[in-house]
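Worksheet: one structure, shown below.
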Amino acid sequence: MKRSVSILIAVLATGGIALGQGMSPADVSYDEYGAVEVSLSGQPGNAEAGEKIMTTRGKGNCIACHQVDALAEYPFHGEVGPPLNGVADRYTEADLRGIVANAKMTFEGSIMPAFFKNSGYIRPGIAYTGKAAGPGDLFPILTAQEIEDVVAYLLTLKE
Amino acid sequence: MIKRALTGAVCVATLVAGAFVGMNAVADEHANLIVNGEIEMVVRTEAPEHMENVDTIYSGWVYRATETQALQMDDFDNPGMLWVDQAAEYFETAQGPEGRSCQDCHESPEALAGVRAVYPKWDEERGVVQTLENQINECATERMGLEPLKYTGSEMVNMSALLASVSRGMPINVAIDGPARETWELGKELYYQRTGQLELSCANCHEDNYGNRIRSDMLSQGQINGFPVYRLKNAKLNAVHSRFKGCVRDTRAQTYAPGSAEFVALELYLASRGNGLSVEGPSVRN
Amino acid sequence: MAENVKPRVRVPRTASAGEVITLKALISHKMESGQRKDGDGNTIPRSIINRFTCDFNGENIIDATFGGAVSTNPFMEFEAKVPESGTFLFTWYDDDGSVYEESKEIAVS
Amino acid sequence: MKITRRETLMLAMGAAAAAMIPSAASGAAIDDAIALFTGGATPGEGGVTLVAPEIAENGNTVPIEVSAPGAVAIAVFAQKNPLPDVASFKFGPLAGAQRAATRIRLSGTQDIVVVAQMADGSFVQTSQEVKVTIGGCGG
């Protein structure tokens, strides 16, 4: 928990995170259950933008694995992960942020890819090219703000 | 169908939701594959002993929609057979500096029936596990004096389709003991290794989630008994190492090269997971 | 002439006079639709089989026109009435001017 | 899950309605293509059948079969393809039936419209929606 404290201090000291910036993956602090309290971008998420990310293949592509009834206008949802209906009733904002950023911190060994991570991979490639990623080629799959947008969308999923 | 143990809750939720997102019509899970009304394929059977997490093995044919399945049930409807015909012509064509053909040594493609079923295979002389493609190139370069065929190029894929076609219906039976063991172990390690930025192993999709859909694609067990495969997606024959490459790329990982020691090892391991299924190539998949 | 174009046809060997039989025809062809773009964003020009015909002893059975939406390796299945023994002529017309032909005999009793 | 069957149905109808909006918007090209085939005549119904999968596993290769007993020609149109003309079949004197099967490409979920020209010069049409699946991998 040392790191989260120091980030908090940094945030307080600089009067918050500047617009358009955000944490880098190494700065994210997960609690012992994998939750992340602080907004990664320092800005609120936009649920509408989140919906777009959830349904775009090169982005979150969440419906590739999860059923989301509220997204029925985008046909064919996957079955690999649990349905996300009512997910906001089951998890807090911090839980959801942690799961989207790196689900393995919450569910050990989860098949779900980490969307806010850029190191610690075996044979990483440059996006979907199959070519080896050199130093500087690896970016989180979603940006800090995109994670916040997805979390904002997930928080609308109440039953 | 072929759903592995799911909790009741998840199962019900999936069914209810599935009703309105419009799910794929997948054929009857008990459907049997008989090609041309005569070649009976084993599309489901008991898993080989070495498999720890799977009881029953299924051909990828089982997971496809009825219309796709039908394309493989008659050689005329199977576009892959177009290239089997081409390879049969190549087989009897004299070429190279000495004007030799495949036929000079092997009387007919049918004389090679059964070969597909036992590859990849330990090659005593070379001291490595050889794929069928390696063996074809050994013939091309050493016996016919040709330049090696490109590993996943069309001439090679066509030839491998021809050799598969004459073994159709025979059970896959690759050896994994003796000197092939080390290669097999490497293949197994690669199968379970989570690579790329999506940190996915072969097993994550094809052992833990077969019978589940990603978007509308139903995940198969990743069996390779049907290769080369005519895919509706790209409307051509696909070599098994090309398919490996595509899958690895989709995990945002650096791929291995077709014909590399790693892909040969993975092929041996995957083939061994299908020991007992029928040789189906050229098969039809989506 | 486009590369590697190879036709396959299926015709029953025999039939009785006046019988209706099913014919199938398949040809390897990329059927480039004219709708795709290459890596530089330029439209790949259309290159398809635009017409397919089948005749029997000089009389027409079917005359098909294909657009860019007919699948790669175009497949056709249709029915013919055969009054007598003779020859089916299958003809594919390529955008590039090539014409591919295949013929098959049938014995009618 | 607390969705009742009734709610599920309503959701389904909502989804169908949403799916119809772009269809209506891009209907002009197919109308023109059909008018070209019919010479402007409005097709009637009945007498022509289309067999196509409800859900196509891959939009690149969708098997279809059309038939219209007594027709001289049958034309196939895809409502949302960039070019709606898919194929047309003219039947000669030795046609054993006015039936043809082929495999076509669909750019996405849409209606296939089949119009037959009968021997008396009239036209009939039928249509069916084919849902085209969407793959899961991101690449």
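Just so we're on the same page: letters track the sequence lines, and every chain starts at 1. In this text the structure is predicted, and so the values were computed from the model without any measurement.
At a threshold of 4.5 Å between non-hydrogen side-chain atoms, the residues C/Ser33 and D/Arg105 count as touching. C/Asn50 places none of its side-chain heavy atoms less than 4.5 Å from the side chain of C/Phe66. A 4.5 Å side-chain heavy-atom check between D/Leu50 and D/Ile112 finds at least one atom pair inside the cut-off. Contact check for D/Phe123 versus D/Gln125: no side-chain heavy atoms found under the 4.5 Å cut-off. Inter-residue side-chain proximity for C/Tyr100 and C/Thr91 is flagged as unmet; no heavy-atom pair is nearer than 4.5 Å. Considering only heavy atoms from C-beta on, D/Ile104 comes within 4.5 Å of D/Leu106 through its side chain. When side chains are defined from C-beta on, C/Val5 counts as touching C/Ile27, because their heavy atoms get closer than 4.5 Å. D/Ile30 places a side-chain heavy atom less than 4.5 Å from the side chain of D/Val113.
Only the backbone of D/Asn60 comes within contact range of chain C, with heavy atoms under 4.5 Å apart. Residue contact with chain C, scored on non-hydrogen atoms closer than 4.5 Å, involves the backbone and the side chain of D/Ala97 alike.
In terms of non-hydrogen atom pairs under 4.5 Å with chain C, the most contact-rich of D/Ala75, D/Pro82, D/Ala100, D/Gly92 is D/Gly92. Comparing C/Leu23, C/Ile62, C/Thr22 by how many heavy-atom pairs each has under 4.5 Å with chain D, the most go to C/Ile62. In terms of heavy-atom pairs under 4.5 Å with chain D, the best-connected choice from C/Leu26, C/Asp63, C/Thr72 is C/Asp63. Most heavy-atom pairs under 4.5 Å with chain D, from the set C/Lys24, C/Met31, C/Arg51: that is C/Met31. With respect to chain C, the highest number of heavy-atom pairs below 4.5 Å among D/Asp85, D/Thr61, D/Ile74 belongs to D/Thr61. Among C/Gly18, C/Ser71, C/Ala25, the residue making the largest number of heavy-atom pairs under 4.5 Å with chain D is C/Ser71.
Listed in order of number, the residues of residues 52-61 of chain C that approach chain D to under 4.5 Å between heavy atoms are C/Phe56, C/Glu59, C/Asn60, C/Ile61. For residues 102-109 of chain C, an interface with chain D (any heavy-atom pair closer than 4.5 Å) does not exist.
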Item to check | side chain to side chain donor-acceptor pair (under 3.5 Å) assessment of C/Asn73 paired with C/His29 | outcome: CA-CA 5 Å; C/Asn73 311 318; C/His29 197 283; over 6 Å; no
Item to check | Pair C/Lys6-C/Arg8, side chain to side chain contact (heavy atoms under 4.5 Å, CB included): steps then yes or no | outcome: CA-CA 7 Å; C/Lys6 187 169 175 65; C/Arg8 284 186 109 206; 5.7 Å; no
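Taking the six-membered ring where tryptophan is involved, the planes of C/Trp92 and C/Phe90 are essentially parallel, since the angle between them stays under 30° and well short of 60°.
Interatomic distance, CD of D/Gln117 versus CZ of D/Phe89, reported as 15.0 Å (0.5 Å rounding).
Salt-bridge formation is not detected for the pair C/Glu19/C/Lys81: no Lys NZ or Arg NE/NH1/NH2 atom is positioned less than 4.0 Å from an Asp or Glu carboxylate oxygen.
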